[in-house]
Number of protein chains: 2
Amino acid sequence: MTIYDIARKAGVAGSTVSRVLNGQPGISDGTRKRILAIAEAEGFALSENARSLKLKSSMLIGILVSDIRNQHYTEGAYVMVEEFQRKGYCSIIMNAGNSGAAKIDAVRMLSSRRVDGAVFIGSSFSTEEVAKAVSTYMPDTPIVMENGSLPLDNVYTVAAADSAGLRSAVEYLAGSGCRSLAYINANDTPSNRLKRKGVEDAVSKTGLSCIYMETTDSFEGGRKATLRLLEQARPDAVVYSMDILAAGGVRAILDSGLAIPDDISVFGVDNSIYSAISNPSISSVDTSLSAMSAECVRILESAMAGIIPEKRKELPFSLVIRESTR
Amino acid sequence: MTIYDIARKAGVAGSTVSRVLNGQPGISDGTRKRILAIAEAEGFALSENARSLKLKSSMLIGILVSDIRNQHYTEGAYVMVEEFQRKGYCSIIMNAGNSGAAKIDAVRMLSSRRVDGAVFIGSSFSTEEVAKAVSTYMPDTPIVMENGSLPLDNVYTVAAADSAGLRSAVEYLAGSGCRSLAYINANDTPSNRLKRKGVEDAVSKTGLSCIYMETTDSFEGGRKATLRLLEQARPDAVVYSMDILAAGGVRAILDSGLAIPDDISVFGVDNSIYSAISNPSISSVDTSLSAMSAECVRILESAMAGIIPEKRKELPFSLVIRESTR
DNA sequence: TTGTATGCGTTATCAG
DNA sequence: CTGATAACGCATACAA
């Protein structure tokens with residue numbers, strides 16, 4: 001079914017149907033009504049493919065997520081999908097995988113779909129490879145990176161105040177009387193490195209002792225790392241780079257017969273549902289995910305409209321104190 | 001940048017470039033290499049818009065999610081995105097909203113994008129309105145409904161064994177010595193109605209008593225409903241239609257000074273991360289989300305390939321027993 | 001092995 | 001107010 005089928009049934013030319021379906025003026029009320037009625041009856045919708053081809057605008061937004069299993073990210077993606085949808089854009093979501101090649105492929109796909117703009121979610125896109133892929137495949141398409149950055153003219157950044165947030169959390173713990181700390185970091189990403197830096201800064205400033213450990217970003221990762229930790233030490237407080245790790249940590253600490261926060265305080269990051277669900281509930285650094293997502297949408301829209309937005313926007317954090325700290 | 005730009009630089013015709021870029025045979029090795037090199041250098045990718053127009057296939061899959069906040073669904077959506085991507089499809093995800101009109105709009109959008117197939121996630125798509133929208137806008141596009149169904153030739157169903165799963169959970173509780181039950185249901189959806197029916201069946205069969213309550217599908221919803229429940233009764237066990245509710249319930253029960261499972265057993269549904277994170281961890285009906293999602297992909301692919309798949313597939317459930325039950 | 005010509009479903013320009 | 005026509009970027013039948 002095409003506009004010509006509609007045109008034939010209405011006894012008009014294709015261009016007239018096009019005008020009517022696009023709500024353009026200069027069509028007699030009679031023809032308009034007749035065409036609309038036929039289109040409605042036939043369940044006809046203009047082909048966005050042909051439209052995109054002609055108009056050189058796909059009304060498509062590409063959203064790249066580095067890791068599907070990070071609920072924090074997918075949640076952010078959905079906020080964006082909804083927001084873009086409200087403005088008439090369709091979002092195509094792709095899982096960029098963790099290999100460099102997969103990321104390059106993903107960028108290429110967005111390019112071949114001729115997306116009007118894109119959002120890359122997660123700091124793992126901040127690599128040379130991605131920068132090169134973007135500059136060769138999408139040098140002129142506005143791109144916003146959530147928690148990442150690329151030194152390119154068409155790429156904008158919306159970032160969480162990771163360092164400052166963690167610094168503040170450690171200072172809070174120090175203020176509540178903790179003296180020996182442990183910091184358990186998830187996968188090595190730029191974002192997590194910033195968090196660690198915040199911890200290190202605060203540790204050296206407050207004079208606390210601190211054990212650093214790495215693990216994978218899952219409940220189990222947090223649980224096992226914490227068990228490992230408790231075999232070798234008995235810190236006052238444990239800080240995790242993500243709530244989901246902290247939830248696993250809480251489980252490990254309780255299973256070890258220790259009390260929270262009496263024996264050990266626990267701090268997480270993200271202020272996600274995990275920190276609220278956990279029992280005891282977990283104090284967390286709120287990096288305002290939804291605000292970040294909204295900001296990504298706003299900046300991308302601005303750039304797509306040709307209004308150059310700020311190159312980098314850092315969002316404030318706040319501490320949400322719950323039962324896991326004194 | 002088009003294939004003609006590449007053609008000019010390579011001193012060949014557009015059709016030759018098209019052939020090379022599509023990996024078709026019958027091109028001399030020299031020309032092929034030359035064209036490939038130029039395309040690579042220019043970062044050129046064929047326009048999927050033009051391709052779709054010509055080939056009458058968009059390689060696009062539409063995924064409709066009824067409610068973004070249901071993590072269970074979004075997680076399933078991501079499994080599909082990844083799976084489809086592996087097969088060369090792009091997924092466009094849309095939030096269908098809860099009003100009928102929004103759902104119709106969403107179907108129309110998928111139609112205008114000329115998606116090759118679609119998945120509707122969630123039982124709230126099982127309405128007359130959606131059926132009509134599908135039959136007028138996408139009468140010939142294969143559609144798979146996860147946990148829903150529509151009486152149309154092009155619509156297939158993949159469903160969880162909701163009733164059977166809940167029946168089994170209640171029987172398990174009865175077997176562990178529980179005599180008085182409460183069932184807390186989230187929003188009224190076909191799927192939740194099936195769950196309730198399973199509970200009712202088992203209750204009448206086992207001779208338990210049961211209080212039924214409704215709430216909203218969130219941690220807070222579960223918590224508040226449970227507090228309300230405990231004001232008026234003291235059941236042996238509480239069954240929740242979703243893990244997230246059960247997590248809220250656990251919190252409410254513990255806050256009321258009762259012990260789990262000594263005073264009250266708790267059962268959830270979904271075997272999600274929530275049931276694992278909760279403390280105590282929650283026994284849950286596993287409706288095998290990932291298996292369902294994989295099945296949706298399989299069925300849709302089959303239908304798109306012209307091989308008529310089974311009209312309805314119901315997946316088995318299993319009980320995952322954790323600390324919240326005796 | 002390669003080139004020419006045509007059509008896919010739209011929109012926009014220009015005529016009428 | 002409406003119609004004819006070209007062009008968008010590609011794939012393909014046919015010709016060379």
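Throughout, protein chains are lettered first and strands after them, A, B, ... in sequence-line order, and every chain is numbered starting at 1. What's counted below: heavy atoms across the whole structure, side chains too, no hydrogens, waters or symmetry copies.
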Legend entry - Distance test, side-chain N/O of A:K56 to OP1/OP2 of C:dT11, below 4.0 Å: no
Inset, instruction - State whether B:R8 and B:D5 are salt-bridged, where the test is any N-O pair (Lys NZ or Arg NE/NH1/NH2 against Asp/Glu carboxylate O) under 4.0 Å. - result: yes
Inset, instruction - Report yes if a side-chain nitrogen or oxygen of B:S28 is closer than 4.0 Å to either non-bridging phosphate oxygen (OP1 or OP2) of C:dT1; otherwise report no. - result: no
Legend entry - Upstream residue (5' side of DNA chain C) when B:I27 and A:V17 are each assigned their closest nucleotide: B:I27
Legend entry - Sugar-phosphate only, base, or nothing, as touched by A:I3 at under 4.0 Å among non-hydrogen atoms: base
Inset, instruction - For the pair B:T157 (side chain) and B:G148 (backbone), establish whether a donor and an acceptor sit closer than 3.5 Å, ignoring hydrogens and angles. - result: yes
Legend entry - Electrostatic pair A:E83-A:R298, nearest N-O below 4.0 angstrom: no
Legend entry - Pairing of B:E48 and A:R114 as salt bridge, 4.0 angstrom limit: no
Inset, instruction - On DNA chain C, check which nucleotide each of B:G26 and A:F44 is closest to and give me the residue with the more 5' one. - result: B:G26
Inset, instruction - Classify the nucleic acid contact of B:R114 as base, sugar-phosphate or nothing, counting any heavy atom under 4.0 Å across all strands shown. - result: sugar-phosphate
Inset, instruction - Report which part of the nucleic acid B:T2 touches: base, sugar-phosphate, or nothing (heavy-atom distance under 4.0 Å, all strands). - result: sugar-phosphate
Legend entry - Plane angle bin for B:F84 and B:Y89 - parallel if under 30°, tilted between 30 and 60°, otherwise perpendicular: perpendicular
Inset, instruction - May I have the distance from A:M1 (atom CE) to C:dG9 (atom P), rounded to whole angstrom? - result: 11 Å
Where do N or O atoms of nucleotides 3-5 of chain C meet protein N or O atoms at under 3.5 Å, pair by pair?
from: C:dG3; atom 1: OP2; to: B:A13; atom 2: N; distance (Å): 2.8
from: C:dG3; atom 1: OP2; to: B:T16; atom 2: OG1; distance (Å): 2.6
from: C:dG3; atom 1: N7; to: B:S15; atom 2: OG; distance (Å): 3.4
from: C:dG3; atom 1: N7; to: B:R19; atom 2: NH1; distance (Å): 3.3
from: C:dG3; atom 1: O6; to: B:R19; atom 2: NH2; distance (Å): 2.3
from: C:dT4; atom 1: O4; to: B:S15; atom 2: OG; distance (Å): 3.2

Inset, instruction - In whole angstrom, give the distance that lies between atom CZ of B:R51 and atom P of C:dC8. - result: 18 Å
Legend entry - Nearest-Å distance for atom pair NZ/P, residues A:K33 and D:dC1: 13 Å
Inset, instruction - May I ask you to say what A:S47 touches in the nucleic acid, namely base, sugar-phosphate or nothing, with a heavy-atom cut-off under 4.0 Å? - result: sugar-phosphate
Legend entry - Between P of D:dC10 and CE of B:M59, the distance in whole Å: 17 Å
Legend entry - Residue B:K33 excluded, over 12 heavy atoms near NZ under 6.0 Å: no
Legend entry - Rounded distance (Å) that lies between atom P of D:dC1 and atom CZ of A:R34: 14 Å
Inset, instruction - Round to the nearest Å and state the distance from A:Q24 atom CD to C:dT11 atom P. - result: 8 Å
Legend entry - B:E314 with B:R312: basic N within carboxylate O range, under 4.0 Å: yes
Legend entry - Base C:dT11 paired with A:K54 side chain (donor-acceptor, <3.5 Å): yes
Legend entry - Short N-O contact, B:K103 and B:E129, less than 4.0 angstrom: no
Inset, instruction - Test the B:K313-B:Y156 pair against the cation-pi criterion, namely NZ or CZ under 6.0 angstrom from the six-membered ring centroid and within 45° of the ring axis. - result: no
Inset, instruction - Describe, as an angle rounded to 10 degrees, how the axis at the first end of the helix from C:dT1-D:dA16 to C:dG16-D:dC1 is tilted relative to the axis at the last end, five pairs per end. - result: 40°
Inset, instruction - Write down the distance between CG (B:L53) and C1' (C:dG9), rounded to a whole number of angstrom. - result: 5 Å
Inset, instruction - Tell me yes or no: between the side chains of B:N95 and A:R86, is some donor less than 3.5 Å from an acceptor? - result: no
Inset, instruction - Scan A:N49 against the nucleic acid and name what it touches under 4.0 Å (heavy atoms): base, sugar-phosphate only, or nothing. - result: nothing
Legend entry - Rounded distance in Å - CG (B:D29) to P (C:dT1): 9 Å
Inset, instruction - Would you classify A:S52 as touching base, sugar-phosphate or nothing, given that sugar-phosphate means primed atoms plus P, OP1 and OP2, and contacts are heavy atoms under 4.0 Å? - result: nothing
